[in-house]
Amino acid sequence: MDVAFAEIVEDKVRLDDRQTRRFRRLLSGWYRVHARKLPWRGNVDPYRTWVSEIMLQQTRVAAVIEHYSVFLEKFPTVVALALAPEADVLAVWSGLGYYRRARMLHKAAQFVTKELGGVLPRTSEELRTLPGIGEYTCAAIASIAFGESIAVVDGNVERVILRLMGRPEDATAAGKTYVREIAASLVPAKRVSLRIDEASDFHAKINASGDHNQAMMELGATICLPKAPLCLNCPVYALCLTRGEHRTLPRGKQTSRPAAYLLALRKDGTATEILLERRPDEASLMAGMFEIPPLPMDAVEGMEPMLRLRHAITNTNYYVQVFGDLPGLRSSLVVAEQDLSWVRTSKLTEIPLTGLTRKVLKRLGVIAVKV
DNA sequence: AAATCGTGGAC
DNA sequence: TGTCCAAGATT
């Protein structure tokens, strides 16, 4: 390691004790006033905190809100989740993406049910051993549900800290360690209480570390925005070294691709059925999930689709065309017969559809516009 | 360590 | 039909 690099690594600027206390005070005061009302806030069930944290991984709040309550109505407890077939879990997860999360949450629920009597562990260290729970999520659940004094570091917290301390984004191990250390220095000690004022029927749950962590993320999500931060509304503006500057690493390139799908419907008595294709279990993407059958682009050359839409998958924007069951089109399907099945449209909410198929069917009114 | 895994809102 | 990127985990 060259000398210059060593010096940079050792140059750990850190808030002193007085600044740290001030930071906490300013942040918590702001959070009490500005915290968004979200469905998983104020909840007292660790299972619900767990579900919310898994759903929120790399996923926008708005998308989670659409699925959170439906998921909990269907699987109200760890045991209920553990007993459900995986396909049912995926069906409710449909549209949220990163389906491995649903599979691992399901597996973890089965472990908790069988081995732990259906009771979720109470420490970050034990939570960390469950499938789907990594460094961020174990800290989030432990602090929010159980008051443990441990820092969470998500994308928001990282950005807030880098701007606060005047550091550029840094994907190396040293960079991550730096952010973790600063985050840890800011978390208050464990302090949990339930304050109830009988006269006014006012009650407030106090959880110093859990609220601090949520406040850090809330600050990043609503004030310390990636592009145009709202510094003039920032509670810790006075302590911030950069006041908005954020040097980020270059991103991967986006690409665009065309895609075509077949929407084939038929009547069975009064019921309507739709032709779906099951993706192979070996598929790296959305294995075992159902979608309307893909069509080769050359089979639809020059034809007019019934629907056009964009569908983004990681770095690819798919510009999708959906075609009705026109003569000859079905013969251009490339899949094996046994991977195709006719499904009653009334049962579609019970089936693990891919996000794209779910979106298409909603847009065309084949399934009701609800989750 | 770097790639992989979904999606959609915002601009 | 361009780009960014969000309460990450796993391999």
Side-chain angles (χ1 to χ4, degrees), chain A residues 35-36 38-41 49-68 90 93-105 107-108 127-141 143-144 151-160 169 171-176 183 210 213-222 224-228 246 248-259 279 283-287 289 291 297 308-321 352-360 362-363:
Chain A
R36 290 167 294 177
L38 299 174
W40 45 91
R41 295 228 167 116
T49 303
W50 179 21
V51 170
S52 73
E53 288 303 336
I54 300 297
M55 285 189 173
L56 284 161
Q57 289 169 4
Q58 294 286 287
T59 304
R60 296 185 188 278
V61 164
V64 174
I65 289 175
E66 288 179 26
H67 288 81
Y68 179 71
L90 289 171
W93 206 271
S94 171
L96 260 183
Y98 287 136
Y99 297 98
R100 184 171 58 185
R101 293 182 296 172
R103 293 186 162 103
M104 290 188 297
L105 176 61
K107 286 269 186 292
L127 288 163
R128 180 70 178 78
T129 67
L130 297 174
I133 297 185
E135 194 173 348
Y136 161 79
T137 306
C138 73
I141 299 173
S143 67
I144 295 169
V152 307
V153 179
D154 74 334
N156 289 310
V157 174
E158 180 181 16
R159 185 173 59 254
V160 167
E169 196 173 285
T172 67
K176 297 293 174 196
N213 282 332
Q214 294 192 76
M216 288 290 282
M217 295 190 280
E218 191 82 352
L219 187 65
T222 65
C224 196
L225 304 170
K227 289 226 181 94
H246 186 220
T248 59
L249 271 22
R251 311 288 159 187
K253 290 236 181 298
Q254 298 281 113
T255 60
S256 298
R257 286 176 53 185
R279 298 174 59 84
S284 68
L285 213 58
M286 299 170 277
M289 298 185 71
E291 62 184 353
M297 282 310 294
R308 294 174 194 271
L309 52 82
R310 184 190 76 141
H311 189 69
I313 301 288
T314 53
N315 286 326
T316 305
N317 281 321
Y318 289 94
Y319 288 88
V320 174
Q321 305 182 87
L353 302 173
T354 67
L356 170 59
T357 290
R358 182 171 170 276
K359 184 161 68 179
V360 167
K362 272 170 65 173
R363 191 108 25 128

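Lettering follows sequence order; numbering is per chain, from 1.
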Under 4.0 angstrom, heavy atoms only, what part of the nucleic acid is [X] near: base, sugar-phosphate, or nothing?
X: Arg279(A); answer: nothing
X: Ile313(A); answer: base
X: Met55(A); answer: nothing
X: Arg159(A); answer: sugar-phosphate
X: Ser52(A); answer: nothing
X: Pro131(A); answer: sugar-phosphate
X: Ile54(A); answer: nothing
X: Trp40(A); answer: base
X: Leu38(A); answer: base
X: Lys253(A); answer: nothing

- [ ] Kindly indicate whether the side chain of Leu356(A), heavy atoms from C-beta on, has any atom under 4.5 Å from the side chain of Leu309(A).
- [x] yes
Contacts of [X] that satisfy salt bridge (charged side-chain N to carboxylate O under 4.0 Å, His left out) - sequence neighbours left out:
X: Arg279(A); answer: Glu291(A)
X: Arg100(A); answer: none
X: Lys176(A); answer: Glu158(A)

TODO: Using heavy atoms to find the nearest nucleotide of DNA chain B for Ala173(A) and Gly95(A) separately, return the residue whose nucleotide is more 5′.
DONE: Ala173(A)
Between [N] ([atom2]) and [X] ([atom1]): distance, integer Å:
X: Arg101(A); N: dT4(B); atom1: CZ; atom2: C1'; value: 14 Å
X: Leu285(A); N: dA3(B); atom1: CG; atom2: C1'; value: 14 Å
X: Lys176(A); N: dA1(B); atom1: NZ; atom2: P; value: 12 Å
X: Tyr318(A); N: dT7(B); atom1: OH; atom2: P; value: 10 Å
X: Asn315(A); N: dG8(B); atom1: CG; atom2: C1'; value: 14 Å
X: Met286(A); N: dT4(B); atom1: CE; atom2: P; value: 15 Å
X: Leu249(A); N: dA1(B); atom1: CG; atom2: P; value: 15 Å

For [X] and [Y], work out which heavy atoms get closest and say how close.
X: Arg103(A); Y: Ala287(A); value: NH2-O, 2.5 Å
X: Met216(A); Y: Asn156(A); value: O-CB, 4.5 Å
X: Leu38(A); Y: Val61(A); value: CD2-CG1, 3.8 Å

TODO: May I ask you to check whether Gln58(A) and Arg101(A) show a side-chain donor-acceptor distance below 3.5 Å?
DONE: no
Task: Spacing of CG belonging to Leu285(A) relative to OH belonging to Tyr99(A), to within rounding of 0.5 Å - done: 9.5 Å
Open item on the list: Roughly how many Å apart are dG8(B) and dA9(C), using the P atom of each and rounding to a whole number?
Closed with: 22 Å
Open item on the list: Between dA7(C) and dC11(B), how far apart are the two P atoms, rounded to whole Å?
Closed with: 16 Å
Donor-acceptor under 3.5 Å ([X] side chain, [Y] main chain):
X: His67(A); Y: Ser94(A); result: yes
X: Thr129(A); Y: Leu127(A); result: no
X: Arg159(A); Y: Gly220(A); result: yes

Identify all pairs in which a protein N or O lies below 3.5 Å from an N or O of nucleotides 9-11 of chain B, and state each distance.
residue: dG9(B); atom: N7; partner: Arg310(A); partner atom: NH2; Å: 3.3
residue: dG9(B); atom: O6; partner: Arg310(A); partner atom: NH2; Å: 2.8

- [ ] Walking along DNA chain C from 5' to 3', note the first and the last nucleotide with an atom under 4.0 Å from a heavy atom of chain A, and give both.
- [x] dT1(C) to dT10(C)
Task: N/O (side chain, Ser284(A)) to phosphate O (OP1/OP2, dC5(B)) under 4.0 Å - done: yes
Open item on the list: Tell me whether the side-chain N/O atoms of His311(A) come closer than 4.0 Å to OP1 or OP2 in dG8(B).
Closed with: yes
- [ ] Please evaluate the base of dG6(B) for a donor-acceptor partner in the side chain of Thr59(A) within a cut-off of under 3.5 Å?
- [x] yes
Task: Selection: residues 213-222 of chain A, any non-hydrogen atom under 4.0 Å of DNA chain C - done: Met217(A), Ala221(A)
Open item on the list: Is it the case that over 12 heavy atoms from other parts of the model lie below 6.0 angstrom from the CZ atom of Arg257(A)?
Closed with: no
